Every structure is written in C-alpha cells, then in structure tokens.
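Written below as structure tokens is the structure these notes are about.
Nothing here was measured: the structure is a model prediction, and the numbers come from that model. Lettering follows sequence order; numbering is per chain, from 1.
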2 protein chains.
Amino acid sequence: MSAPAPDVIPLLLVDDHPVIVEGIKNMLRPEEDLQVIIQAHCGTQALELLAAHPEVRVAILDLNMPEMSGVELAQAIRTRWPQVRVLILSMFHDHATVADVLAAGGSGYVLKTASRAELSNAIRRVAAGHTYFSQDVADTLLQNLQIPSALEARQKPALTGREQEILELIAREYSNQDIAESLFISERTVETHRRNLFTKTKSKSVVGLIQYALRNKLIS
Amino acid sequence: MSAPAPDVIPLLLVDDHPVIVEGIKNMLRPEEDLQVIIQAHCGTQALELLAAHPEVRVAILDLNMPEMSGVELAQAIRTRWPQVRVLILSMFHDHATVADVLAAGGSGYVLKTASRAELSNAIRRVAAGHTYFSQDVADTLLQNLQIPSALEARQKPALTGREQEILELIAREYSNQDIAESLFISERTVETHRRNLFTKTKSKSVVGLIQYALRNKLIS
DNA sequence: AACGGTATCCGTACTGGTACGGAGGTGAAA
DNA sequence: TTTCACCTCCGTACCAGTACGGATACCGTT
C-alpha cells in the first residue's frame with residue numbers, strides 16, 4: 001500500500017448502517033484531501049482496524065450503534081490513539097449527549113443534516129486540532145450553559161465583603177487561626193463570620209460552603 | 001408615539017462610537033422587523049432610556065465602553081428588565097469574556113465582522129428566546145470546555161470504587177457516622193478511607209477534597 | 001435620635017474530625 | 001505462591017471547629 005500524500009487527511013468512518021457509510025463516502029469523494037481509508041460497522045471492528053492503520057487522522061463516528069456507543073468508542077480511541085481526532089456525526093443533539101461527547105474527548109459534533117461543505121469543513125477543522133460544532137449543536141450546549149448562571153445571579157444572598165474574604169481563605173484551607181493572623185483579627189471574629197457564612201449559605205459544614213462558593217464562582 | 005406593530009422587534013443600541021451606531025442602524029434599515037428605537041453612548045444613558053422605554057425586546061451592547069463595561073450593563077439590564085434580551089456585539093472574543101457575558105445573562109455574542117444576514121439572524125433568534133453565538137465565538141468557548149476534560153481523563157489518580165462512594169457521601173455533608181451507617185461499615189473504616197482520600201488528593205482538609213472532587217467532576 | 005446592618009470581640013462546653021500506628025481478610029495479578 | 005491493592009477494623013490522644021449566648025462599636029438611613 002502506498003503512503004498517503006502528506007496533504008491528505010486519512011479518515012476512519014464508523015456507522016452501523018451501510019447506506020449511511022456509502023452516502024458519506026460519496027459525499028466526500030469530490031474532496032480530494034479527505035480520504036476514507038477504513039470503514040467499520042461497529043466499535044470492535046473499528047478498534048481492530050485502527051490498530052492496523054494508525055495513520056488515521058480523524059475518526060468519524062455515528063452515535064447510536066449497537067454493542068458499543070459512539071461515546072464509548074470515542075473514549076477508547078482517545079485513550080489508545082490520542083493523535084486521532086474524533087468527530088461525531090449524529091441525527092440528534094440533546095445537551096447531555098453533546099456534553100458526554102466532549103467529556104469523552106470528542107473534537108466535533110456534526111448533524112447528519114449537514115451539507116457537504118459543512119461536513120468537509122468540520123473534518124478539516126478537527127484534523128487541524130480545532131473543534132467544530134454545528135450551529136444548532138453549539139446553541140443547545142450554550143443554552144444549557146447559560147440558563148443556570150442567569151438564574152443563580154438573581155438569588156445571590158450577598159455575602160458581605162468581609163465574609164467573602166473569610167470564605168476565600170477558608171477555601172485555601174486556612175485554619176481559623178491562620179485566617180485570624182492573616183487578617184489581624186481575633187479567632188473569635190473568624191468563628192463568627194464562619195457561622196454567619198454557614199447560615200447564609202444554608203450549609204451544615206465547610207463541605208456545603210465550598211460547594212456554594214464554587215457554584216457561585218466566589219472562588220475558583 | 002404609536003405602539004410598534006406586534007411583529008416588530010424594538011431594539012436598544014449601545015455603543016460609545018457614533019460611527020458604529022450609525023453603521024449598525026444603516027445595516028439594519030432594510031430589515032423591517034428590526035427597529036432601533038433607542039440608542040445610547042454609555043451604560044448610564046442606556047439605563048435611563050430603558051426606564052422610559054421598557055418595550056425594548058433586545059439590547060445590543062458594545063463590550064468595551066468607558067465608565068461601565070458591556071458586561072456590567074448586561075448584568076444591570078438582566079436584573080431590572082429580565083424580559084429584555086441582551087446581545088453582545090464585540091470586536092474580540094477571548095474565552096474569559098465570553099464566559100463573563102454568559103454569566104451576566106447575555107443571550108448572544110456576535111462579532112463586529114458579522115454580515116447583515118448574521119446580525120439580523122442573531123437578533124431574531126435572541127428575541128425568540130434562543131441563543132446565538134458567532135461560529136468563532138462558540139468555537140473558542142467550546143475549545144476551552146473540551147481541553148481540560150480531555151486532559152484530566154489522563155492523569156486521574158484513580159480513586160478506588162469505595163473511595164468514590166465515601167467521597168460522594170462526604171460531599172453530601174454526611175458525617176463519618178452517617179457514612180458508616182449508610183454503607184454498613186465501621187466508623188473506623190470510614191476514617192481510613194477519608195485519610196486515604198486526603199493523601200491521594202494531596203489536600204489538607206475536606207476543603208481541598210471537595211474542590212478536587214468538583215474539578216474532576218467526581219461529584220456535583 | 002433611634003435603627004439596622006456590619007464588624008469586632010469574649011467564654012464555655014461539646015463533638016467531630018485528625019494524626020498515628022497498628023492489624024487481618026480477600027481477590028487478582030505476577 | 002507470593003505479592004499487591006483494596007477494604008475492613010481497632011485504640012489513643014489531641015485539636016479544630018461548632019453551638020450558644022452574649023457584648024461593643026461604627027456607619028448610614030430614617
């Protein structure tokens with residue numbers, strides 16, 4: 001087998017529907033720099049073939065497959081061949097799934113309604129180390145990112161300045177004594193602030209306090 | 001003043017550069033359903049005018065303004081007029097800023113390089129309660145979302161199953177005793193697991209432990 | 001002038017977590 | 001089989017944090 005030209009992106013295509021595999025191959029045929037060099041109909045087969053063809057740059061995966069889901073497959077690929085970029089090709093896009101794909105190390109998520117231009121653009125971006133998400137996909141994701149932050153902005157029970165200072169130091173694992181010394185106040189005062197923090201954040205212990213603080217981005 | 005037709009979206013436009021204000025107005029003139037009914041050159045003025053014109057549906061804000069930043073203004077608007085959607089129009093898009101905009105309750109983020117079609121599309125989407133982010137903006141944001149998750153998958157020092165269980169209960173503010181009872185084990189055992197967790201996460205107290213857990217998405 | 005909020009301080013009593021240093025049993029891998 | 005990782009358990013001692021119930025002082029608003 002001859003080595004692929006350097007400017008060609010070798011692709012792995014995984015989908016359990018032969019029709020779709022053929023469809024995508026046909027779609028990509030005019031794009032000379034994108035070559036599907038292996039295709040598989042399930043995760044196991046994909047992993048086997050990948051072992052024999054590590055030169056693959058981008059793996060295009062269907063999400064809904066029997067036996068092994070696209071997410072699991074993505075995870076497996078990213079673990080064993082970190083240089084292979086994963087592009088998910090799917091029919092639907094709910095928030096949880098897209099988040100899973102991201103967590104599994106996927107670099108892109110394209111809907112099956114995508115045009116030839118969008119698909120090839122996505123492949124090239126992903127191959128170049130960037131990310132690509134179809135407009136709709138990015139939207140659902142960002143929408144779910146935004147709602148909670150918009151809500152929590154409203155109900156913030158406003159810690160006082162001093163309380164925030166104390167909170168920050170607690171978060172840095174300072175003991176009450178440390179805090180007292182740092183701020184030149186008595187340990188009692190620190191304890192009082194601490195108690196007030198618990199009350200205001202309705203938490204029973206530092207545990208809840210830290211969670212509250214992280215959620216509200218009062219600390220990092 | 002006559003009430004605007006029901007299918008018209010009344011806009012507020014805020015930018016400290018008159019040239020840009022005019023430019024955008026011109027750009028939107030052909031779009032009959034999008035009408036800039038107020039314009040302001042700073043945040044204070046914007047808030048004053050908004051008080052007199054609460055019918056505004058979408059506020060288009062520049063990000064870099066003297067005296068009050070676009071983010072602060074967005075926050076102020078979302079707090080006082082929650083029904084007004086905020087669309088940020090900006091020259092640049094770094095991750096931190098976009099995240100700030102989201103946190104401030106912004107519904108969209110469009111670059112000033114956007115075409116008439118993109119801008120008006122963005123406004124309509126935002127007015128309809130959706131979100132809109134220019135492709136590039138969404139990309140930077142998502143890229144910063146993805147990288148850490150891909151990295152942390154590698155170096156996870158692997159807490160044992162039991163340790164994870166314990167960790168979850170600690171995070172729920174269970175005391176050692178509570179945990180012992182829940183898992184039908186001795187309090188001593190819980191203490192040991194706890195110690196091992198501290199060691200493994202290199203934290204001195206629950207504080208660090210919880211932060212570790214949240215960061216690594218072991219809990220939430 | 002009276003009030004509410006914030007920040008500061010104190011003592012006492014108790015409990016829960018922490019440090020330390022042990023030990024035995026299991027199951028899977030070498 | 002031996003080794004190792006994991007889960008399990010124990011005691012002792014100590015200290016940090018917690019609950020409670022006070023107190024004073026400053027500041028801005030009413």
B:Arg162 near the nucleic acid: base, sugar-phosphate alone, or nothing, with a heavy-atom cut-off under 4.0 Å?
sugar-phosphate
Could you tell me how far apart A:Ile179 (CD1) and C:dA7 (C1') are, to the nearest whole angstrom?
15 Å
Results of salt bridge (charged side-chain N to carboxylate O under 4.0 Å, His left out) for B:Lys25 - residues two or more places apart only
none
Any chance you could lay out the side-chain hydrogen bond (donor to acceptor under 3.5 Å, both in side chains) test for B:Thr199 and B:Asn196, step after step, and finish with the verdict?
CA-CA 5 Å; B:Thr199 309; B:Asn196 293 337; 5.0 Å; no
What is the distance, rounded to the nearest whole Å, between atom CD of B:Glu181 and atom P of C:dG16?
11 Å
Tell me: CZ of B:Arg188 to P of D:dC10, nearest whole Å?
7 Å
Is a side-chain N or O of B:Arg125 found less than 3.5 angstrom from the main chain of B:Thr131, in a donor-acceptor match?
yes
Which residues satisfy the salt bridge (charged side-chain N to carboxylate O under 4.0 Å, His left out) test with A:Arg195, sequence neighbours excluded?
none
For nucleotides 25-30 of chain C, tabulate all protein N/O to nucleotide N/O atom pairs closer than 3.5 Å, reporting atom names and distance.
none

Atom CG of B:Leu159 and atom C1' of D:dC6 are separated, to the nearest Å, by 13 Å
Rounding to an integer number of Å, can you tell me how far A:Leu183 CG sits from C:dT6 P?
18 Å
Kindly compute the distance separating CG (A:Asp16) from NE2 (A:His41), expressed to the nearest 0.5 Å.
9.5 Å
Rounded to whole Å, how long is the line connecting atom CD of B:Gln164 with atom P of D:dA5?
19 Å
B:Ile185 side-chain proximity, nearest of C:dT8, C:dG11, D:dC9
D:dC9
Taking side-chain contact (heavy atoms from CB on, under 4.5 Å) as the definition, give me every residue that meets it alongside B:Ala76, ordered by chain and number, with sequence neighbours left out.
B:Leu47, B:Arg80
Could you tell me whether the side chain of B:Glu163 and the main chain of B:Leu159 form a donor-acceptor pair under 3.5 Å?
no
Between P of C:dG21 and CG of B:Asn196, the distance in whole Å
15 Å
Hey, does A:Ser186 reach any base, or is it just sugar-phosphate, or nothing, if we go heavy atoms under 4.0 Å?
sugar-phosphate
N/O (side chain, B:Thr189) to phosphate O (OP1/OP2, D:dC7) under 4.0 Å
no
How does protein contact run along nucleotides 13-30 of chain D, one letter per nucleotide 5' to 3', with B for base contact, S for sugar-phosphate only, - for none, heavy atoms under 4.0 Å?
----SB-BB---------
Once you round it to whole Å, what is the distance between C1' of C:dT6 and CG of A:Leu167?
17 Å
Suppose we screen for salt bridge (charged side-chain N to carboxylate O under 4.0 Å, His left out). Which residues come up paired with B:Glu191, at least two apart in sequence or across chains?
none
Look at the side chain of A:Glu72 and the backbone N and O of A:Ser69, then say whether any donor-acceptor pair between them is shorter than 3.5 Å.
yes
From D:dT8, C:dA7, D:dG11, nucleotide with atom closest to A:His193 side chain
C:dA7
